[in-house]
Amino acid sequence: MQYFDNYLQSKGGYDYTNAKRNELMKAQGFKEMPFTKTGTTIVGVLFDGGVVMAADTRATAGSIVADKNCEKLHTLAPNIWAAGAGTAADLHHQCAHFNAKLKLQRLNLNRQSRVNEVITKLTSKLFPYRGQIGVALIIGGVDCNGPQLASVSPHGNYVYHPFQSMGSGSLAALGILEAKFQDGLTKQQAIDLAIEAIEAGIFHDMGSGSNVDVVAITKEGVDYRRNIRQYNAKSHQKQIPYPFPINNTPALRKYEFNFEKQELTEVGQEMEIIE
Amino acid sequence: MSGIFEYNGGSIVGMKGKNCIAMACDRRFGQQMSTITTNYQKVFKIQDNILLALSGLNTDIHTFYALMEKEINLYNLKENRKMKPTTFANLVASALYERRFGPFFVTPIVAGLENGKPILATYDSIGCKSDLDDFQVGGTGGNYIYGACEAFFKPDMNPEELEEVIGQSLVSGCDRDALSGWGGVVYVLTEQKLTVKILKTKQT
């Protein structure tokens with residue numbers, strides 16, 4: 001049995017040891033805590049010579065904002081970036097996994113990574129999991145076949161189109177893109193269009209908010225602007241701080257562990273200890 | 001039957017200071033509406049400069065802590081050196097994501113000091129790491145503590161101030177949560193020492 005466990009451990013992949021216990025708990029009526037989702041508005045716009053991708057920066061857990069300034073634009077390769085919507089943990093770990101996989105491949109083959117390679121690998125991974133891995137990605141990059149933009153859905157479907165939007169704010173963003181997109185945009189025009197589309201998502205969708213991140217990829221390189229627009233900076237500063245007097249909170253006991261001496265002492269005599 | 005995360009109750013909070021970092025937790029261990037003990041440990045010292053706080057289902061708190069102890073001990077034996085806090089933070093994320101389809105019902109907070117710089121990371125139950133904020137909360141009373149933290153926190157506090165602020169945030173937050181409380185413990189980590197203060201709170 002130990003041998004079998006070690007074999008599975010070395011194979012890698014997911015660990016299902018808790019799955020049966022969790023199913024039993026769910027059957028008894030317990031509800032799970034919601035995973036951090038990215039809510040999100042993400043867009044991609046193809047222009048003459050490259051591709052622009054933009055995202056908002058809010059991560060939600062249920063209706064609470066879990067992270068006010070998270071990063072949704074991930075590097076998959078030096079010339080290929082992904083914008084992600086869906087379950088935040090899946091996005092982060094899958095993107096990190098593909099980044100490493102592509103890097104190994106580049107080291108082995110000594111060739112630049114291609115966008116269609118990324119799409120194939122991703123969809124091959126996602127389809128067997130039947131949509132349980134909740135990643136909805138917009139992949140954009142410039143390779144030997146020119147600039148390309150595609151979106152991948154959690155079930156493993158992919159679509160190539162000159163402009164894309166995904167996430168809960170995608171419909172708001174799509175309105176702007178459908179109205180204002182044209183072929184042959186310049187880089188600055190594409191960036192402005194992408195920012196406008198994200199703005200629509202931020203203001204009209206509750207799952208999206210905070211700031212806008214933008215990345216523009218061309219054959220020459222990558223231009224990443226973190227927080228290019230900030231709409232929700234704190235408008236007021238606390239006038240009067242709340243100064244608590246030191247040792248204000250009553251304590252029962254207090255201990256100190258000194259690292260150099262590696263010894264634990266009880267601090268008692270100097271401060272008022274309440275019995 | 002409410003949520004799995006509400007079965008045992010408990011709250012944790014972590015806060016960054018100037019070259020120091022603090023963690024606080026309540027002490028209640030309950031089973032839905034009953035309280036079993038009032039001295040349950042939820043913050044663990046993984047290494048001299050790393051603290052791990054766990055909230056959620058207590059059996060998974062215990063199991064996950066044991067798993068992390070095992071990982072860090074094996075690391076120390078194999079690499080013959082201490083683990084960096086940022087490395088440990090990534091280890092926790094990977095360990096949680098490995099169980100993506102059968103997760104541990106815990107929401108950890110990792111606090112550490114790397115070359116004097118405070119590191120604070122929080123995760124959802126499947127390993128989404130969030131490490132850019134100055135304070136993080138977890139547990140059933142977490143949302144109430146958020147409010148207190150937003151009001152009381154100021155950047156670059158020294159260890160004594162930080163101990164007060166985090167203690168007050170924890171106590172204020174837990175007062176509004178029926179499933180947390182029955183005491184509080186505040187851990188303040190600096191380069192030289194770790195101070196542990198057991199707070200006196202309302203006994204309800």
Side-chain angles (χ1 to χ4, degrees), chain A residues 12-23 25-26 28-36 38 59 61 64 66-71 87-93 96 129 132-133 238 241-262 264 267 274, chain B residues 1-7 45 48-49 56-57 60 63 93-105 107 122-130 132-133 142-143 146 151-154 160-161 163-165 167-168 170-171 183-184 186 190-201:
Chain A
Y14 292 115
D15 185 333
Y16 293 96
T17 45
N18 280 339
K20 193 161 182 187
R21 172 198 79 157
N22 293 359
E23 284 302 305
M25 284 171 116
K26 262 203 236 142
Q28 280 178 5
F30 287 104
K31 283 189 283 293
E32 272 187 42
M33 192 163 108
F35 302 142
T36 305
T38 56
I64 304 287
D67 198 335
K68 295 188 261 194
N69 202 5
C70 70
E71 289 181 341
T87 307
D90 285 331
L91 284 167
H92 176 253
H93 289 270
Y129 283 93
Q132 293 295 317
I133 299 184
K238 286 198 287 281
Y242 294 92
F244 293 112
I246 303 299
N247 286 333
N248 173 56
T249 319
L252 289 171
R253 278 189 297 288
K254 189 167 174 176
Y255 299 96
E256 206 175 271
F257 182 77
N258 187 297
F259 296 137
E260 212 184 300
K261 298 186 219 153
Q262 289 285 307
L264 179 73
V267 174
I274 302 164
Chain B
M1 293 289 187
S2 58
I4 298 174
F5 282 87
E6 281 88 58
Y7 186 72
K45 181 168 87 85
D48 276 347
N49 59 342
L57 194 65
D60 280 350
T63 308
S94 300
L96 289 169
Y97 191 68
E98 201 184 1
R99 287 153 183 81
R100 166 67 174 86
F101 298 115
F104 284 122
F105 298 118
T107 46
T122 190
Y123 313 82
D124 66 351
S125 58
I126 47 172
C128 169
K129 185 171 76 132
S130 171
L132 301 169
D133 284 323
N143 293 335
Y146 258 143
F152 297 148
F153 177 80
K154 53 182 204 281
E160 289 79 31
E161 271 185 291
E163 191 179 54
E164 281 308 310
V165 168
Q168 287 295 322
L170 176 80
V171 169
V186 176
T190 59
E191 291 235 54
Q192 292 80 33
K193 60 184 189 233
L194 169 71
T195 48
V196 181
K197 184 166 161 186
I198 302 175
L199 303 175
K200 181 178 161 73
T201 64

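From a predicted model like this one, the values you see are computed outputs, not experimental measurements. All chains are named by letter (A, B, ...) in the order of the sequence lines, taking the proteins before the strands, and each is independently numbered beginning at 1.
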- prompt: Looking at Phe101(B) and Ala19(A), what are the two nearest heavy atoms and their distance?
  reply: O-CB, 3.8 Å
task: Pick one of side chain, backbone, both or neither for Ala66(A), based on which atoms fall under 4.5 Å of a heavy atom in chain B.
output: backbone
field: Heavy-atom contact with chain A under 4.5 Å, split by part of Glu6(B)
entry: neither
field: Flag side-chain contact, heavy atom, 4.5 Å: Leu57(B) against Met25(A)
entry: yes
query: What residue, out of Ile246(A), Ile133(A), Asn258(A), Leu264(A), has the most heavy-atom pairs lying under 4.5 Å from chain B?
result: Ile246(A)
statement: To the nearest 0.5 Å, atom CZ of Phe259(A) lies from atom CG of Leu194(B) at 5.0 Å
query: Below 4.5 Å, heavy atoms only, C-beta onward: do Asn248(A) and Gln168(B) meet side chain to side chain?
result: yes
pair Phe152(B)-Phe244(A): side-chain heavy atoms closer than 4.5 Å: yes
Under 4.5 Å from any heavy atom of chain B - which part of Tyr16(A): side chain
query: Where on Lys45(B) is there a heavy atom nearer than 4.5 Å to chain A: the side chain, the backbone, both, or neither?
result: side chain
- prompt: Is it true that atom CD of Glu260(A) has more than 12 heavy atoms of other residues, nucleotides or ligands lying nearer than 6.0 Å?
  reply: no
Heavy-atom pairs under 4.5 Å with chain A, option from Gly184(B), Gly127(B), Gly167(B) with the top count: Gly127(B)
- request: Could you look at Asp48(B) and say if it's the side chain, the backbone, both or neither that has a heavy atom under 4.5 Å from chain A?
  value: both
task: Under 4.5 Å heavy-atom distance to chain B, tell me which part of Asn69(A) shows up: side chain, backbone, both or neither.
output: backbone
- line: So, the part of Leu132(B) with a heavy atom under 4.5 Å from chain A: the answer is side chain
Residue Leu170(B) versus chain A: region with a heavy atom under 4.5 Å: neither
query: How long is the span from the CD atom in Gln28(A) to the CD1 atom in Ile4(B), to the nearest 0.5 Å?
result: 9.5 Å
query: How long is the span from the CD atom in Glu98(B) to the OG1 atom in Thr17(A), to the nearest 0.5 Å?
result: 8.5 Å
Between Thr190(B), Val171(B), Asp60(B), the one whose heavy-atom pairs under 4.5 Å with chain A are most numerous: Asp60(B)
message: Tell me every residue that passes salt bridge (charged side-chain N to carboxylate O under 4.0 Å, His left out) with Asp90(A), counting only those two or more places apart in sequence or in another chain.
response: Arg100(B)
query: Is it the side chain or the backbone of Ser125(B) that comes within 4.5 Å of chain A heavy atoms, both, or neither?
result: side chain
- request: Could you tell me which portion of Glu23(A) (side chain, backbone, both or neither) has an atom closer than 4.5 angstrom to a non-hydrogen atom of chain B?
  value: neither
message: I'd like to know if the side chain of Glu164(B) and the backbone of Thr249(A) have a donor-acceptor N/O pair within less than 3.5 Å.
response: yes
- prompt: Looking at Asn18(A), Asn22(A), Asp15(A), which one forms a side-chain hydrogen bond (donor to acceptor under 3.5 Å, both in side chains) with Arg99(B)?
  reply: Asp15(A)
- request: Examine whether an atom of Phe104(B) lies under 4.5 Å from a heavy atom of chain A, and if so say whether it belongs to the side chain, the backbone or both; otherwise answer neither.
  value: both
query: Who passes ring-ring contact (aromatic ring centres under 6.0 Å, His included) against Tyr97(B), sequence neighbours left out?
result: Tyr14(A), His93(A)
- line: Under 4.5 Å to a heavy atom of chain B? For Ile64(A) that would be side chain
- prompt: Would you say Thr87(A) and Ile126(B) make side-chain contact, with heavy atoms under 4.5 Å?
  reply: yes
query: Could you state the interatomic distance from NZ (Lys197(B)) to NZ (Lys254(A)), rounded to the nearest 0.5 Å?
result: 5.5 Å
query: At a heavy-atom separation under 4.5 Å, does Thr107(B) approach chain A through its side chain, its backbone, both, or neither?
result: side chain
query: Looking at Asn143(B), Thr63(B), Thr122(B), which makes the most heavy-atom pairs under 4.5 Å with chain A?
result: Asn143(B)
message: Could you measure the distance from the OH atom of Tyr255(A) to the CD1 atom of Ile198(B)? Nearest 0.5 Å is fine.
response: 5.0 Å
